[in-house]
Visitor: 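Take a look at the following structure, please.
Just so you know, these numbers use all the heavy atoms, side chains as well, and skip hydrogens, waters and symmetry mates.
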Protein chains: 2
Amino acid sequence: MATMIDVAKKAGVSLSTVSYVLNGTRPISEKTKAVVHKAMEELGYNPNALARGLAGKNTRIIAVLCPIEERGIGMGELEVLSGAADAARKRGYHLVLWTYPLQEPEELKNLIRQELVDGVIVMEVHENDPRIDTLLECNEPFCMIGRCSNAPDIGYIDINFKQTVKDAIDHLYQLGHRNIAFINQSKETFDSGYGPSVRTQHFFMEEMQKLDLTPVSEFCHAAPAEAYEITKSLLDKNTELTSLIVMNDRAISGIMQALSERNIIVPDDFSLISIVTSSRTSELFMPQLTSVDYDGQAMGEVAVEQLINELEEKQVKGEKVLLPLQLIKRKSTAICRIKR
Amino acid sequence: MATMIDVAKKAGVSLSTVSYVLNGTRPISEKTKAVVHKAMEELGYNPNALARGLAGKNTRIIAVLCPIEERGIGMGELEVLSGAADAARKRGYHLVLWTYPLQEPEELKNLIRQELVDGVIVMEVHENDPRIDTLLECNEPFCMIGRCSNAPDIGYIDINFKQTVKDAIDHLYQLGHRNIAFINQSKETFDSGYGPSVRTQHFFMEEMQKLDLTPVSEFCHAAPAEAYEITKSLLDKNTELTSLIVMNDRAISGIMQALSERNIIVPDDFSLISIVTSSRTSELFMPQLTSVDYDGQAMGEVAVEQLINELEEKQVKGEKVLLPLQLIKRKSTAICRIKR
DNA sequence: TTGAAAGCGCTAACAT
DNA sequence: ATGTTAGCGCTTTCAA
């Protein structure tokens with residue numbers, strides 16, 4: 001494999017000149033630049049990533065801390081990864097995957113101390129997330145997807161849950177629905193302080209009260225069978241129910257099954273709206289679900305951009321971004337015609 | 001951050017001794033080992049990954065070439081990634097994600113020439129896969145998930161499609177079904193030489209003929225609406241149909257919808273079996289689907305193990321593995337009671 | 001069983 | 001605008 005020395009010889013310049021041409025860190029005459037580029041071209045030269053990282057002060061590698069099977073990974077996480085990888089590539093960075101179990105902070109510390117990466121993206125941040133403490137302690141630059149209160153100076157990208165919930169409720173309200181229930185994720189998830197679960201619950205209550213409506217909500221594990229039972233009991237207890245907001249992809253088929261068994265047609269008799277759902281998932285069902293779509297790709301991209309900008313000091317540290325989600329009207333919501 | 005020199009000083013030994021203790025590449029007295037380990041412990045020392053890679057002959061980093069949005073990535077691919085990351089971590093390797101578009105071979109070449117990685121795992125291998133040619137040309141060690149005929153000496157891990165199809169058909173046959181249709185992926189996918197599509201089609205024909213049954217099959221895009229239409233026309237054209245094998249996760253809800261509209265109850269009136277599906281997907285539906293489950297996690301693990309074994313010369317090159325898939329009986333298949 | 005020292009291929013400080 | 005050179009933190013050969 002060609003090295004920088006080979007390029008320098010071939011171009012008839014010094015080693016450092018090649019380096020400076022490559023990094024643009026000092027002015028080089030156009031003529032020299034051309035000669036060097038030509039030599040690189042002809043030799044099929046690419047800078048050795050390891051040597052570069054070792055000699056310089058950054059490695060141009062970032063890690064994604066990815067909880068592959070915590071809550072059971074969904075489409076969303078995958079999209080985040082895909083967006084992150086894309087953004088990293090565009091910036092000339094490599095992306096390494098650090099998966100769980102990193103529960104024992106020691107393992108994460110070992111990884112950090114190898115000094116392979118310039119910074120890390122933390123997916124699925126919780127309140128009291130031990131990873132955050134470790135990262136802080138090691139003084140490692142990072143950016144969170146989600147938030148957590150013990151890292152007030154660290155940048156994050158999160159979903160605008162308030163707006164998400166509001167959009168969903170408003171959509172149903174405008175269609176004439178007044179009896180709206182919410183199916184959240186599991187109680188355990190909620191209690192663990194998982195942001196999406198906690199915040200949507202909070203804002204659902206808040207928005208419903210603003211509209212003078214009675215908020216009905218249930219927790220549900222990521223299991224269709226449980227969702228099926230919950231939906232049936234919801235319909236029994238609340239005979240006037242005409243609509244449902246759900247933030248639990250793996251509950252959806254159970255909900256639809258329960259409605260179908262009661263001969264309740266979606267969307268004619270009942271409106272269903274899924275929130276924080278990837279389009280892929282919404283489109284998987286029949287009818288396709290009206291949903292407030294989670295753009296994992298964008299989350300991943302923004303997180304990486306933010307981290308790299310901080311690393312390259314193109315941006316102040318600790319920027320907080322709330323990504324607005326889009327409500328996409330598909331086929332599962334309609335005007336409320338039925339008084340049950 | 002502590003370096004090897006710090007450890008050597010603290011332990012009162014030479015630099016090289018520390019290195020040998022770390023790598024076990026030459027005999028060291030127990031006493032010295034203990035002293036060195038103690039020093040490393042106390043300093044919180046971890047070897048610098050870049051320096052190690054630069055000085056030694058391997059970097060202990062492997063890449064996964066991952067076509068994030070070719071066919072639209074599914075649960076399966078994600079599991080592969082998760083399995084690969086796991087296996088890599090257990091072996092002390094880092095895993096970097098190289099995502100598409102790497103269509104122009106130049107980009108992949110540039111990545112390879114950076115000499116960051118010791119080898120690569122190629123996901124979703126096709127016939128006439130340009131990535132394979134590039135890898136071959138660059139003399140880069142790799143292992144394929146899937147196969148392709150222009151790399152006969154390269155190891156791969158693939159699904160045992162013959163057995164998968166046979167198990168599905170046999171299961172239905174034993175339940176008394178004689179009219180079995182198959183819904184494949186799209187015609188375009190088939191024509192592009194995508195292994196799973198081509199091989200399952202082939203073996204479906206073969207096994208049905210062995211049993212003296214008429215093979216009925218359709219191609220279908222990854223879209224529920226299309227699957228819905230196809231299923232209806234299949235029921236119209238073939239009034240005796242009592243069962244369906246599908247290898248297209250995103251067709252499933254359309255199929256179920258069509259059956260439901262015809263008042264055909266699964267599994268009482270009709271058996272449905274999904275093949276090469278992740279359990280996660282099978283369990284997403286109601287009723288839960290009987291399926292021949294794709295274990296992406298295992299695929300990823302095996303691929304990484306195989307690649308690393310080759311790299312460390314613990315294994316001959318070019319081993320071919322066909323992973324057997326398990327048929328899991330869930331709720332969508334039953335004895336054929338109805339003659340329609 | 002251990003130590004000394006020559007690189008690995010770069011970046012960046014110090015020259016000119 | 002360009003060249004020279006001292007490291008970055010390791011592995012590994014050579015020597016003892």
Visitor: Tell me: NZ of A/Lys9 to C1' of C/dG9, nearest whole Å?
Guide: 13 Å
Visitor: Taking CG from B/Asn46 and C1' from D/dG9, how many angstroms apart are they, rounded to a whole number?
Guide: 13 Å
Visitor: So for A/Tyr20 and D/dT4, does any side-chain atom that can act as donor or acceptor lie under 3.5 Å from a complementary atom in the base?
Guide: no
Visitor: Picking from D/dT2, C/dC10, C/dT2, which would you name as closest to the side chain of A/Thr3?
Guide: C/dC10
Visitor: Indicate, yes or no, whether a donor-acceptor pair under 3.5 Å links the base of C/dG3 to the side chain of B/Thr17.
Guide: no
Visitor: Can you tell me if A/Lys57 touches the phosphate of D/dC8, counting only side-chain N or O atoms and a distance under 4.0 Å to OP1 or OP2?
Guide: no
Visitor: Counting only N and O atoms by type, is there a donor-acceptor contact under 3.5 Å from the side chain of A/Thr134 to the main-chain atoms of A/Pro130?
Guide: yes
Visitor: Just checking A/Ser19: base, sugar-phosphate only, or nothing, at a heavy-atom cut-off of under 4.0 Å?
Guide: base
Visitor: Determine the minimum heavy-atom distance between A/Glu319 and A/Gln306, stating which atoms define it.
Guide: O-NE2, 2.6 Å
Visitor: When you measure only distances, ignoring hydrogens and angles, does the side chain of B/Ser14 come within 3.5 Å of the base of C/dA4 through a donor and an acceptor?
Guide: no
Visitor: Mark yes or no for whether A/Asp118, through its side chain, and A/Arg60, through its backbone, hold a donor-acceptor pair below 3.5 Å.
Guide: yes
Visitor: Does a side-chain N or O of B/Asn23 approach OP1 or OP2 of D/dT11 to a distance below 4.0 Å, or not?
Guide: yes
Visitor: Assign each of B/Glu115 and B/Lys33 to its nearest nucleotide of DNA chain C by heavy atoms, then name whichever residue's nucleotide is nearer the 5' end.
Guide: B/Lys33
Visitor: Nearest-Å distance, CZ (A/Arg113) to C1' (D/dC10)?
Guide: 18 Å
Visitor: What does A/Thr25 touch in the nucleic acid at a heavy-atom separation under 4.0 angstrom: a base, only the sugar-phosphate, or nothing?
Guide: nothing
Visitor: What is the separation between atom OH on B/Tyr45 and atom P on D/dC10, rounded to the nearest whole Å?
Guide: 3 Å
Visitor: To the nearest Å, how far apart are A/Leu15 CG and C/dG9 P?
Guide: 12 Å
Visitor: Regarding C/dG3, can its base be found pairing with the side chain of B/Arg26 as donor and acceptor, where the two atoms are less than 3.5 Å apart?
Guide: yes
Visitor: Look at A/Ser16 and D/dG3 and indicate whether a side-chain polar atom (N or O) is within less than 4.0 Å of OP1 or OP2.
Guide: no
Visitor: Atom CD1 of A/Ile28 and atom P of D/dG3: how far apart are they, to the nearest Å?
Guide: 8 Å
Visitor: Hey, does B/Leu54 reach any base, or is it just sugar-phosphate, or nothing, if we go heavy atoms under 4.0 Å?
Guide: base
Visitor: Expressed as a whole number of angstroms, how long is the span from A/Leu50:CG to C/dT11:C1'?
Guide: 14 Å
Visitor: If you pin B/Ala55 and B/Thr32 to their nearest nucleotides in DNA chain C, which one's is more 5'?
Guide: B/Thr32
Visitor: Can you tell me the distance, in whole Å, between the CE atom of B/Met4 and the P atom of C/dA4?
Guide: 15 Å
Visitor: Which atom names give the shortest non-hydrogen contact between B/His126 and B/Cys148, and what distance separates them?
Guide: O-CB, 3.1 Å
Visitor: Any sub-3.5 Å donor-acceptor pair from A/Lys10's side-chain atoms to A/Lys38's backbone N or O?
Guide: no
Visitor: Would you indicate, yes or no, if D/dA1 has its OP1 or OP2 atom less than 4.0 angstrom from a side-chain nitrogen or oxygen of A/Lys31?
Guide: no
Visitor: So, taking the atom named SG in A/Cys143 and the one named NZ in A/Lys317, what distance separates them when rounded to the nearest 0.5 Å?
Guide: 11.0 Å
